[in-house]
Each structure stands twice: as structure tokens, then as C-alpha cells.
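Keep in mind that the numbers below use all heavy atoms, side chains included, and drop hydrogens, waters and symmetry copies. Everything numeric in this text was worked out from a predicted model, so none of it was measured.
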Amino acid sequence: MPATEYGKYLKKLRIDKDKTLAAMAKDMGIAPSSLSAIESSERVIPVDFTEKISEKYSLDDTAKDELKELELKTPRNALQLDFKKSGSTQEQKRKFPLLKL
């Protein structure tokens with residue numbers, strides 16, 4: 001699958017910030033291979049990844065909005081549920097152990 005506009009934007013941001021793949025991955029708390037897979041559209045964009053990138057690299061509102069829009073335009077092959085934002089309970093975590101709650 002060719003890189004999406006999101007992946008291209010992310011790679012350009014990394015290069016513009018003079019970061020290696022390993023350095024940006026470390027900043028984001030993920031493996032370099034995961035970041036590479038996100039850039040090349042081989043991996044789904046993790047929940048809150050855009051917000052974390054925006055915060056970590058102090059993107060202005062225009063850049064944040066552009067990145068978020070590109071994320072929304074990126075095709076997804078999976079459904080992502082973010083129970084953190086829903087106030088998940090211990091009971092939900094017990095019932096759905098394979099989900100990141």
C-alpha cells in the first residue's frame with residue numbers, strides 16, 4: 001500500500017524537526033518499526049497519536065488541524081475503541097481483556 005497523505009506529512013514533520021526515525025519513535029514511546037509502519041501506511045494510526053504528535057512537537061493550530069484532517073481521510077481496516085475516554089470500568093476491562101482499556 002502506498003503511503004497516505006498522513007504518512008507523508010508525518011515523515012516530512014520528522015525530517016523538518018531533524019529527527020531520525022529512532023529519535024521520533026523514542027519521543028513517542030513506540031518502536032521505530034511501528035513509526036516506520038505508520039509513515040508507510042502499513043499500520044493503522046494509533047488512538048490519540050495525532051494529539052500526542054501535536055503536543056510533543058508543539059504544532060500550531062493550523063498544523064494540528066491539517067494533521068487531524070489527514071488522519072480522518074486515512075482509510076482504516078479496523079475499528080478502534082478508546083475506552084479511556086469513555087470512563088471504562090474494571091468490569092469492562094475484565095470483559096474485554098484483549099482491548100487496550
Side-chain angles (χ1 to χ4, degrees):
M1 169 186 268
T4 61
E5 292 304 311
Y6 184 93
K8 292 175 188 177
Y9 188 100
L10 186 60
K11 185 173 183 176
K12 182 180 182 319
L13 174 67
R14 179 172 58 77
I15 292 167
D16 289 350
K17 297 290 183 180
D18 199 30
K19 294 283 185 174
T20 63
L21 194 65
M24 182 179 259
K26 184 177 180 182
D27 288 347
M28 299 306 298
I30 62 175
S33 59
S34 294
L35 180 58
S36 177
I38 294 166
E39 285 184 357
S40 63
S41 306
E42 294 171 9
R43 182 173 179 185
V44 174
I45 303 162
V47 172
D48 292 337
F49 189 79
T50 298
E51 289 79 12
K52 289 176 185 175
I53 282 280
S54 298
E55 204 172 286
K56 183 69 182 174
Y57 293 103
S58 303
L59 300 184
D60 63 28
D61 288 341
T62 302
K64 280 188 233 183
D65 291 344
E66 183 177 0
L67 191 57
K68 188 64 179 172
E69 185 66 29
L70 291 173
E71 179 183 3
L72 293 172
K73 290 179 180 178
T74 300
R76 303 237 181 204
N77 294 334
L79 173 66
Q80 292 184 345
L81 302 175
D82 186 358
F83 284 102
K84 288 181 213 169
K85 291 183 178 179
S86 71
S88 63
T89 65
Q90 290 296 48
E91 180 65 16
Q92 288 170 321
K93 291 178 182 179
R94 187 185 63 71
K95 286 183 180 178
F96 302 103
L98 298 179
L99 296 176
K100 292 182 180 179
L101 303 177

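- Side-chain atoms of Ser41 come within 3.5 Å of backbone N or O of Thr4 as a donor-acceptor pair.
- Separating the CD1 atom in Ile53 from the CE atom in Met24 is a distance of 4.5 Å, to the nearest 0.5 Å.
- Note that NZ of Lys68 and OH of Tyr6 are 8.0 Å apart. Values are rounded to the nearest 0.5 Å.
- In this structure, CD on Glu42 lies 11.0 Å from OG on Ser34, to the nearest 0.5 angstrom.
- Closest of all the heavy-atom pairs between Lys11 and Glu39 is CA-OE2, 3.6 Å.
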**Request:** Apply salt bridge (charged side-chain N to carboxylate O under 4.0 Å, His left out) to Glu5 and Lys8, showing your working.
**Result:** CA-CA 5 Å; Glu5 292 304 311; Lys8 292 175 188 177; 3.4 Å; yes

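- Here the OH atom belonging to Tyr57 is positioned 7.0 Å from the CE atom belonging to Met28, to the nearest 0.5 angstrom.
- In plain terms, the two heavy atoms of Pro32 and Leu21 that are nearest each other are O-CD2, 3.8 Å.
- Look at Lys12 and Asp16 and you find a salt bridge, because one of the NZ, NE, NH1 or NH2 atoms lies within 4.0 Å of a carboxylate O, short of that distance.
- Under the 4.5 Å side-chain criterion, counting only non-hydrogen atoms from C-beta, Leu59 is in contact with Leu13.
- Considering only heavy atoms from C-beta on, Ile30 comes within 4.5 Å of Ile38 through its side chain.
- Taking NZ of Lys19 as the start and NZ of Lys26 as the end, the distance is 9.5 Å to the nearest 0.5 Å.
- Counting heavy atoms from C-beta outward, Leu35 and Phe49 have side chains that approach closer than 4.5 Å.
- From Leu10, atom CG reaches atom CD1 of Ile15 across 10.0 Å, with rounding to the nearest 0.5 Å.
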